[in-house]
Undergrad: 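One structure follows; several queries about it will come next.
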Amino acid sequence: MKKILFLLLLTYSNVKAAGPKDPAIFSSAKPWAYWWWPGNAVSEKGITHNLEAFAKAGFGGLHIIPIYGAKGYENQFLNYLSPAWNSKLAYVLKESKRLHLGIDLTLGTGWPYGGPQIGITEAAKAYKIQTLNLSEGETIATISSSLDKFPNSQLVSITSYQGNNFQEDLWPLYQQGKISNWKAKTANTVIYLFYQTLTQQKVKRAAPGGEGLVMDHFSQEAWDVYKQAFVTVLKKSHAPLRAIYTDSYEVYGANFSPRVFDEFKRLNGYDLRHYLPVLAKSKAEDEFQNQVWADYHRTLADMLLNQFTKPWSKWIKNQGFLSRDQAHGSPGNLIDLYASVDIPETEFFGSKPYTIPGYRIDPDYDSVRFGIPDLRNIKLASSAADIMGKKLVSCETATWLGNHFKVSLAQVKPIIDEVFVGGVNHVFYHGATYSPPEVAWPGWLFYASTNFNPQSHFWGALPELNKYIETCQSMLQKYPTDSDLLLYFPMEDIWHQRNASGKTHALDLHANSRDWMIQTPFGKWSNALQNRGFQVDYVSDYLLSTLQVIAPKKWKAPSGNIYKMLLIPPSTHLSLETMELLAKWVKQGMPVYFLEHIPSVTSTWNYSDEQKERWYKARESFLLRVLSDPADVLTRHAVSKETMAEQGLSFIRKRTENGFAYFVTNLSHQFREGNVTLAKSSAGIEILNPLTQELKKVKLPKSKLLPLVLAPGESRIIRVSSTFKGGVVSELTEKSEVQIKPTSKIQVDFVQGAPNLPHSQQMDELNYWTKESSTHQFSGSAKYSFDFSLTAEELKSDRVLHFDQVRDWVKVKLNGKDLGIVWSIPFQLNIPTGILKEENHIELEVTNVSANRIRQLDKEGGKWKNFYEINFVDIRYNPFDASNWSITDSGLQGKLYFSNR
C-alpha cells in the first residue's frame, strides 16, 4: 500500500495534445523516441505492427522523421506530403490515439529545414568579398569581368576605401549604370565587391519528395514561403499530434541574408559596409576588429531568433500545436533560443567514460573528434526552462552511445541518469527506425542511432528501462526545479573570440563545446559550483532583464522561481544595458558578485563617448564585488549547498507542494554507502528506488544525517516533507556476503536466438558461453542452471542476489519462481522472503548483444546494408564492416553471491 500511495503522488503527466480537434490523452513521462521513416515506405500493416510494439514496451510517444530509403523498395516509396503520405500520417494518428501514444512531427524531412519549395531567394546564403586595387584616376572598367569570379552569386554592395578607410558607397552609381564613369581619387584606392552567394547545402538525409536546398534561417520571408507547404496537412491533423520539431541547427557556412546590412545598422548604429576590410581579413588582429565581428555575430543571432525561431514558434502555436526545438549548433545565444519555444530540447551525443565499476565504453568512439557529452551543455536548455517556466525539457539521448549491435541497456541507464541531473525530464531515444515486419533481421536501421526498435537485442528488457524512466520523469515533470543560484552566460566573450573570415560561432554540443564551454572560465566555474553541491541555472543578458527584484534582496523569475545570488564568471566584454542593470542591482544591495575580475571592454565598437562614460561609471560600482572564491558569500546569502556532491553523488532538487524531492544518482566509484546531509531536510523522508519500486520511510535522527546505501550505477528519489509520518531511524548495517557454490555442474542450454542454436555446454564455474567457438555467431538467450546449498544461518541474511559480469541481461528464476530481470549496473536483484531454501535450484536466462551475429553476417557477405545516401557507417563514420570484429563476450562470468543488503 505504501508503494501504491507513493506512486499515486508521482502520477505521471497526462498531457493533452495541442492539436485543434478531439484531444487525446498520452503520457509524456514515458520515454519517447525518434521514429525514422526510410523512404516513407510505410504501410498500414507495418504502422500498426510498429506502434503496437512500442506501446506494449512502454513508450509514451514517437517523433516522425522521414529520411532516405532502402534499396530494393523503391516501388513502396511515398513522396513527402503527397496524398498517399498524408493518408499514412492520418492512419498513424488514428492508431496512436487507440494505443495512447503521442506523436511529434518534423516539419520537413531529414535536417535542417529545406526542400523543393525553397528557391534561390529563400535558400541559405553566405557572403564573399572581392577586392580591386586602383591607382589614382583609374576607372572600374574591369568590374564586369570581375563579376565572373563567384558563379551563382549576386553582387549586393560596391564600396571604395583608401586603404582601410571608407571613402564612398558606389552602389547607387552601379544601379544607375554609371559606375564606369567613376574614377579613383587616390593612389591606394581599394574597391570592395560584396557578393551574396548560395551555400548550396541541401537537406541532409532527405526523404523522397523532401529534397532541396536548405532554408535561409535568418529570413522570415524564407520561413513564410517554407511553411506554406504544411498548412493543409496540419489543418487536417489532430490529436495525438502534439508538437512540431526542428532539429539541431546544422546550416553549414550560412553567414548572410539580404537584410543583414539593414538589421546590422538598426542594432549597432553604424553601416557595416563602411567596415568591410574587417570582414575580408582572414583573421581579426585587434580588439577593434573583434568588436566589429562581435556586432556581426550578434546581428545574426538576433535575426535567427526574431526572423525564424520566434515566428516559427508563434505559427506552430497558432496551428494548435507545441514547438519543440534544438537550438544548439546555431550562432545564436542558445539560452534565448531555448527560452522562445514550448519544449527546449538538448542533446547527449556519444560515449562517456563513467568510473562506475564494470561500465563499458566503446573504444572505437573518437572523443577527440566528436567530444564527450557534458552536463554543462544540457543545462543551457534546462536553465531557460527553469527561468521561463517551461514544463518539459527534452533530450535527444543515446546518439552514438556505442557502435551498432554492441550497446547494452547497462550503458544507457547512466546516460539517462545524467540528463535527469541536468534538468531534462522528457527523454527521446535516438532512435527507433520503422522496419516492415517482413524484412529480415537486422531490418531497416538508421546510421547514427542506438537501436531502440523491436529488432534490437535489448528489446526484451527495454520495458524495464522504460518503466524506470517513467517513474523518474513522473517526479521530475511534476515539480519545478529548486535552483537558487544564477550564473551569467557570457555570450559576448564568445562572439569576441577567434574571429576569422566567413566564420560564425556555431555552438554545437560536440567537440566544438570544448572551445566555448568546457575549457572556458564559465565552464570551469560552472563545473566547480556543481561539484561543490550548488544547483545553478545559467542566465543570458535577455533573461536577466526578465527578473523581478523582490524583498529581501532576491530575484523572482517569470517561472516564479526565486534566486538568492547572481555570479558573473570571469568575463571581458559586457553590453552597456547589462552593465547598467547590474550596477543598479549592486546599488540596491542585491547579491551580484564577479568571479576573479570584472569586465574591462565594451561589447560593441560603436558606443558614443557618452555611452562609454556610462559603461565605465557602471563598472566602478563593481570594484568591491570581486571574489576569488565565492564560498563564504554563498554561505552568507544562504544559497543551498548539497554536500553529497562532494561525496561523489549527483543530484537535482525539486520543490514540492509541502517540501522537496531529490533525484540522486551515483555515476562514479567514489561513494557506496555513508551518511549524507540534505540541504532541504525534514524529520520525515521517503526513499524510493525507481528501479525496483521499493519504498522506505525514514525518520532522521537528531544529527540530521541520512544513512544512504547507493552503489555505483544506482539512483534514488528522496522526498522530504514535515507531513510524512511514521518511519524508523535508519542506520547503516555491516554488509555480509555468501558466495554461491554450485553443487552440480552448471548446465548451459541455448533456448532461443539465431542463426542456429548451439549445442548445450557444461561448466564447473560461471563463464561466458563464447569460450566455445561453436557459439561465436550466436545472438540470443542461453539458460544457465544449477543447484546450490545454503546453511540455516546463511538463509537468515540472504536478501540480494549479486552478479559479477552479465553480458548483457538476465532473467532470474529461483526455485521455480520468476524473480525478474537484471539489466543495469550494479547487477543485482532483491530476493523475496521465503524463496530461498537450504537446497535450491536456479535458472539464469542470459541474452547477449547481437555483435557476434552481425560479425558472422558480414563475414558471409550478407547484403543487409542497402540504404541510399550515407548507407550505413560505423561509429567513426567509416563504411560499416563487422567482419573483423573480435568476439564479444556473452553470458555470465565471475562471482555469484547473496548479501544481506
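Keep in mind that the numbers below use all heavy atoms, side chains included, and drop hydrogens, waters and symmetry copies.
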Undergrad: Are Ser571 and Tyr488 close enough that a side-chain donor and a side-chain acceptor fall under 3.5 Å?
TA: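 Not at all, the side chains of Ser571 and Tyr488 share no donor-acceptor pair under 3.5 Å.
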Undergrad: Would you say the ring centers of Phe867 and Tyr447 fall short of 6.0 Å from each other?
TA: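 No.
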Undergrad: With a 3.5 Å distance limit and no angle check, can you tell me whether Asp216 reaches the backbone of Ala222 through a side-chain donor-acceptor pair?
TA: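 Not a single qualifying donor-acceptor pair exists.
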Undergrad: Under 3.5 Å, side chain of Thr121 to main-chain N/O of Gly119, donor-acceptor pair present?
TA: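 No: the side chain of Thr121 does not pair with the backbone of Gly119.
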Undergrad: Determine whether the side chains of Asp336 and Ser540 contain a donor N or O and an acceptor N or O closer than 3.5 Å.
TA: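 A pair is found: one side chain offers a donor N or O, the other an acceptor, under 3.5 Å apart.
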Undergrad: Show your reasoning for whether ring-ring contact (aromatic ring centres under 6.0 Å, His included) applies to Tyr877 and Phe370.
TA: CA-CA 11 Å; Tyr877 282 78; Phe370 299 115; 5.6 Å; yes
Undergrad: For a side chain to side chain contact (heavy atoms under 4.5 Å, CB included) check, start with the C-alpha distance between Thr186 and Gln167, then their side-chain angles and the critical distance, and finish with the verdict.
TA: CA-CA 10 Å; Thr186 60; Gln167 279 187 328; 3.7 Å; yes
Undergrad: Scan for salt bridge (charged side-chain N to carboxylate O under 4.0 Å, His left out) pairs involving residues 508-520, sequence neighbours excluded, and state none if there are none.
TA: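 Only Arg498-Asp515 qualify under salt bridge (charged side-chain N to carboxylate O under 4.0 Å, His left out).
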Undergrad: Would a distance-only check, ignoring hydrogens and angles, find a side-chain to backbone donor-acceptor pair under 3.5 Å from Asp537 to Ser383?
TA: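 Flag not set: sc Asp537 to bb Ser383 has no pair under 3.5 Å.
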Undergrad: Do any N or O atoms from the side chain of Thr520 and from the backbone of Gly523 form a donor-acceptor pair under 3.5 angstrom?
TA: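 Answer holds: yes.
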Undergrad: Using the ring centroid of each side chain, check whether Tyr113 and Tyr245 are separated by less than 6.0 Å.
TA: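 Between Tyr245 and Tyr113, which both carry aromatic rings, the centre distance is not below 6.0 Å.
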Undergrad: Judged by modelled atom types alone, do Ser351 and Asp362 share a side-chain donor-acceptor pair under 3.5 Å?
TA: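 Looking only at side-chain atoms, Asp362 and Ser351 do not form any donor-acceptor pair under 3.5 Å.
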Undergrad: Under 3.5 Å, side chain of Tyr80 to main-chain N/O of Gly108, donor-acceptor pair present?
TA: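 Here the side-chain-to-backbone pair exists.
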Undergrad: Here's a test for you: under side-chain contact (heavy atoms from CB on, under 4.5 Å), which of Gln326, His328, His63 qualifies with Glu345?
TA: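 The option that passes is Gln326.
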Undergrad: Under 4.0 Å between a side-chain nitrogen and a carboxylate oxygen: does that hold for Arg205 and Asp247?
TA: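 Between Asp247 and Arg205 there is no salt bridge, as every charged N stays at least 4.0 Å from the carboxylate O atoms.
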Undergrad: If you measure from the Lys or Arg side-chain nitrogens to the Asp or Glu carboxylate oxygens, is any gap between Lys265 and Asp262 under 4.0 Å?
TA: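 No.
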Undergrad: When you measure from the side chain of Gln201 to the backbone of Val214, do you find a donor-acceptor pair of N or O atoms at a distance under 3.5 Å?
TA: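 Pair absent, no side-chain N/O of Gln201 close to backbone of Val214.
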Undergrad: List for me each residue that meets salt bridge (Lys or Arg N to Asp or Glu O under 4.0 Å) alongside Glu250, sequence neighbours excluded, and say none if there are none.
TA: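 Counting only residues at least two positions away or on another chain, Glu250 forms a salt bridge (Lys or Arg N to Asp or Glu O under 4.0 Å) with Lys204.
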Undergrad: Do the rings of Trp293 and Tyr296 sit parallel, tilted or perpendicular, given the 30° and 60° boundaries?
TA: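 Ring orientation of Trp293 relative to Tyr296: perpendicular.
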Undergrad: Within a 6.0 Å radius of atom CG on Asn878, are there more than 12 heavy atoms belonging to other residues, nucleotides or ligands?
TA: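 Yes.
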Undergrad: Around Lys178, counting heavy atoms of other residues, nucleotides and ligands shown, do more than 12 lie under 6.0 Å from its NZ?
TA: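 No, NZ of Lys178 has 12 or fewer neighbouring heavy atoms, counting only those of other groups under 6.0 Å.
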Undergrad: Could you check whether Trp312 and Thr246, counting side-chain N and O atoms only, form a donor-acceptor pair closer than 3.5 Å?
TA: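 There is no such pair between these side chains.
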Undergrad: Ring centres under 6.0 Å, that's the criterion: do Phe522 and Tyr538 meet it?
TA: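 Yes, they do, as the ring centres are separated by less than 6.0 Å.
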Undergrad: Could you report the tightest heavy-atom contact between Val251 and Pro112, atom names first, then the distance?
TA: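 In this case the closest contact between Val251 and Pro112 is CG2-CG, 3.9 Å.
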Undergrad: Ignoring hydrogens and angles, tell me if any N or O in the side chain of Gln289 forms a donor-acceptor pair with the backbone of Glu285 under 3.5 Å.
TA: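 Yes; at least one donor-acceptor contact below 3.5 Å.
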Undergrad: Side chains of Tyr195 and Gln130: any donor to acceptor distance under 3.5 Å?
TA: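 There is such a pair between these side chains.
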Undergrad: Relative to the ring of Phe880, is the ring of Phe872 parallel (under 30°), tilted (30 to 60°) or perpendicular (over 60°)?
TA: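 Perpendicular.
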Undergrad: Among Phe166, Trp171, Tyr161, which one satisfies ring-ring contact (aromatic ring centres under 6.0 Å, His included) with Tyr192?
TA: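 Single pass found, and it is Tyr161.
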Undergrad: Do side-chain atoms of Asn871 reach the backbone of Pro879 as a donor and acceptor pair under 3.5 angstrom?
TA: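 No, because the side chain of Asn871 does not come within donor-acceptor range (under 3.5 Å) of the backbone of Pro879.
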Undergrad: Restricting to side chain to side chain contact (heavy atoms under 4.5 Å, CB included), what partner residues turn up for Thr602, sequence neighbours left out?
TA: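 So Thr602 forms a side chain to side chain contact (heavy atoms under 4.5 Å, CB included) with Gln291, Tyr607, Trp615.
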Undergrad: Hey, are His297 and Asn499 close enough side-chain-wise for a donor-acceptor pair under 3.5 Å?
TA: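 The criterion, which ignores hydrogens and geometry beyond distance, is satisfied for His297 and Asn499.
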Undergrad: Test ring-ring contact (aromatic ring centres under 6.0 Å, His included) on Phe261 and Phe256 and set out the steps.
TA: CA-CA 9 Å; Phe261 288 138; Phe256 192 74; 5.5 Å; yes
Undergrad: With no hydrogens and no angle check, is any side-chain donor or acceptor of Ser330 less than 3.5 Å from a backbone partner on Ala327?
TA: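 Between the backbone of Ala327 and the side chain of Ser330 there is a qualifying donor-acceptor contact (under 3.5 Å).
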Undergrad: Parallel, tilted or perpendicular: which describes the rings of Phe349 and His510, with under 30° parallel and over 60° perpendicular?
TA: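 Rings of Phe349 and His510: tilted, 30 to 60°.
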Undergrad: Taking Arg298 for its side chain and Leu267 for its backbone only, find out whether a donor-acceptor pair lies under 3.5 Å.
TA: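 Side chain of Arg298 to backbone of Leu267: no pair is present.
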Undergrad: Is it true that atom NZ of Lys317 has more than 12 heavy atoms of other residues, nucleotides or ligands lying nearer than 6.0 Å?
TA: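 No.
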